[in-house]
Amino acid sequence: MIPTVDPGQLRIRVGKVPFDVSTMQGAVDRIMLAAENGEGIPVRLSNAYCVALASKDSEYERLLGGHGLNFPDGAPVAWVMKARNRSNIPVSRVRGPSFFFEAIAKSHNTQIRHFFLGTTDETLSSLVRALKSEYPELNVAGTYAPPFAPLSESFIQDCYERIKESRADIVWVGLGTPKQDFVAAQLAARLGVPCAGVGAAFDFVAGTVREAPAWIQRSGTEWLYRLMSEPKRLWKRYLFGNARFIYSALAESEK
């Protein structure tokens with residue numbers, strides 16, 4: 001029998017970021033439990049880019065080291081965790097888009113109400129249509145595509161006001177890293193519900209961005225697929241971010 005652990009009970013540092021050890025199912029069960037109990041907890045699907053950012057951004061480092069759950073989204077993060085794992089608990093990757101879809105599937109035919117925050121009105125409409133076609137009984141509390149603006153108190157308050165009347169049980173945030181993680185932390189505290197930053201999951205499910213084939217996801221080269229798909233937007237992120245991740249993972253994990 002494979003040993004299991006509740007997220008939050010065992011953590012392994014990668015660079016300056018403490019990651020929660022969990023299976024995909026354990027991570028999904030954890031956010032479902034938080035939704036059922038009205039627990040205001042931020043959930044972060046963090047990858048190598050997040051580790052690289054935390055290495056040079058003290059505010060982001062404090063956020064990732066504070067209240068909430070950090071699941072290893074990227075394969076390189078999971079590889080480092082496996083190499084440093086000294087327990088008998090297996091380390092698993094918790095891929096953000098897959099986590100999002102698995103949680104949606106698990107909540108189908110339940111009373112859990114979902115709110116989708118981020119991206120554009122067009123993408124959100126496509127997202128809801130796609131989810132409803134797969135899960136007709138899914139409870140969608142609402143959607144909101146906030147105007148593009150820097151992170152500020154007025155931005156957070158605007159999002160809060162839009163969500164609070166919806167009686168959402170889970171808020172899914174797709175605003176890009178690191179903005180979505182700061183927003184999720186603030187909203188979780190104010191709303192008293194789990195808020196999860198899931199990056200490109202909205203675009204993948206909506207069909208506005210092509211998702212890597214499953215075999216590429218399993219190979220750990222999904223970052224390369226995304227770079228080739230959007231080179232102008234992502235080249236700096238991966239060229240400099242990957243180098244920074246390697247440095248942080250090797251030199252900063254034990255500091």
Side-chain angles (χ1 to χ4, degrees), residues 40 42-54 56-64 68 73-74 96-97 99-101 104 114-131 140-166 168 170-191 193-212 222-223 225-241 244:
V43 179
R44 297 173 282 264
L45 287 302
S46 302
N47 55 23
Y49 180 57
C50 300
V51 173
L53 283 180
K56 61 182 180 178
D57 185 331
S58 58
E59 186 178 6
Y60 192 50
E61 177 191 351
R62 286 193 296 272
L63 178 76
L64 296 183
D73 182 347
F99 170 78
F100 171 68
F101 199 75
I104 293 292
H114 300 265
F115 195 101
F116 307 110
L117 174 70
T119 189
T120 66
D121 289 325
E122 293 77 14
T123 298
L124 289 175
S125 295
S126 297
L127 170 69
V128 172
R129 281 198 302 271
L131 292 175
V140 177
T143 65
Y144 180 47
F148 182 78
L151 186 61
S152 64
E153 173 57 30
S154 61
F155 182 92
I156 297 293
Q157 186 63 24
D158 175 46
C159 294
Y160 167 74
E161 294 291 340
R162 298 275 185 157
I163 299 169
K164 70 173 184 178
E165 299 300 328
S166 72
I170 299 179
V171 177
W172 300 99
V173 187
L175 291 170
T177 302
K179 185 176 183 179
Q180 64 186 12
D181 294 329
F182 286 101
V183 171
Q186 289 285 334
L187 291 177
R190 300 184 190 196
L191 293 165
V193 300
C195 298
V198 289
F202 290 1
D203 290 308
F204 291 159
V205 176
T208 54
V209 173
R210 183 178 297 177
E211 189 171 12
E222 188 172 2
W223 68 271
Y225 179 91
R226 292 196 64 195
L227 174 60
M228 294 175 66
S229 300
E230 301 180 83
K232 290 184 178 180
R233 185 174 75 86
L234 296 175
W235 76 270
K236 285 185 178 180
R237 167 175 172 168
Y238 287 123
L239 178 63
F240 296 108
R244 187 76 189 187

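Just so it is clear, the values below take in all heavy atoms, side chains as well, and ignore hydrogens, waters and symmetry mates.
Gly96 and Leu45 make their closest contact through CA-CG, 3.7 Å (heavy atoms, listed as atom of the first residue, atom of the second, distance). Nearest heavy-atom pair across Ala54 and Leu64 is CB-CD1, 4.0 Å. Minimum heavy-atom separation, Cys195 to Ala184: CB-O, 3.6 Å. Across Leu53 and Thr177, no two heavy atoms sit closer than the pair CD1-CG2, 4.0 Å. In plain terms, the two heavy atoms of Gly118 and Phe202 that are nearest each other are N-CE2, 4.5 Å.
Proximity of Leu124 to Tyr144: side-chain heavy atoms (C-beta onward) are nowhere separated by under 4.5 Å. Using a 4.5 Å cut-off on side-chain heavy atoms (C-beta onward), Asp73 and Phe99 make no contact. Between Lys179 and Phe155, some side-chain heavy-atom pair lies under the 4.5 Å cut-off. Val171 has its side chain within reach of Val193: a pair of non-hydrogen atoms, C-beta onward, lies under 4.5 Å apart. Put simply, the side chain of His114 does not reach to within 4.5 Å of the side chain of Val140, judged on heavy atoms. At a threshold of 4.5 Å between non-hydrogen side-chain atoms, the residues Cys159 and Leu117 count as touching.
With salt bridges taken as basic N to acidic carboxylate O contacts below 4.0 Å, one links Arg190 and Glu153.
Under the 3.5 Å distance criterion, the side-chain polar atoms of Ser166 are matched with a main-chain donor or acceptor of Ile163. In this structure, the side chain of Thr123 does not engage the main chain of Thr119 through any donor-acceptor pair within 3.5 Å. Between the side chain of Gln180 and the backbone N or O of Gly199, at least one donor-acceptor pair lies under 3.5 Å. Here the side chain of Asn47 pairs a donor or acceptor atom with the backbone of Cys50 at under 3.5 angstrom.
For the pairing with Asp181, the side chain to side chain contact (heavy atoms under 4.5 Å, CB included) check across Leu175, Leu63, Val173 returns one residue only, Leu63. Val205 pairs in a side chain to side chain contact (heavy atoms under 4.5 Å, CB included) with only one of the listed residues (Leu127, Ile104, Val128), which is Leu127.
Taking the six-membered ring where the residue is Trp, the centroids of Phe115 and Trp172 are separated by 6.0 Å or more. The distance between the ring centers of Phe204 and Phe101 does not fall below 6.0 angstrom.
Other residues, nucleotides and ligands contribute at most 12 non-hydrogen atoms within 6.0 Å of the CD atom of Glu59.
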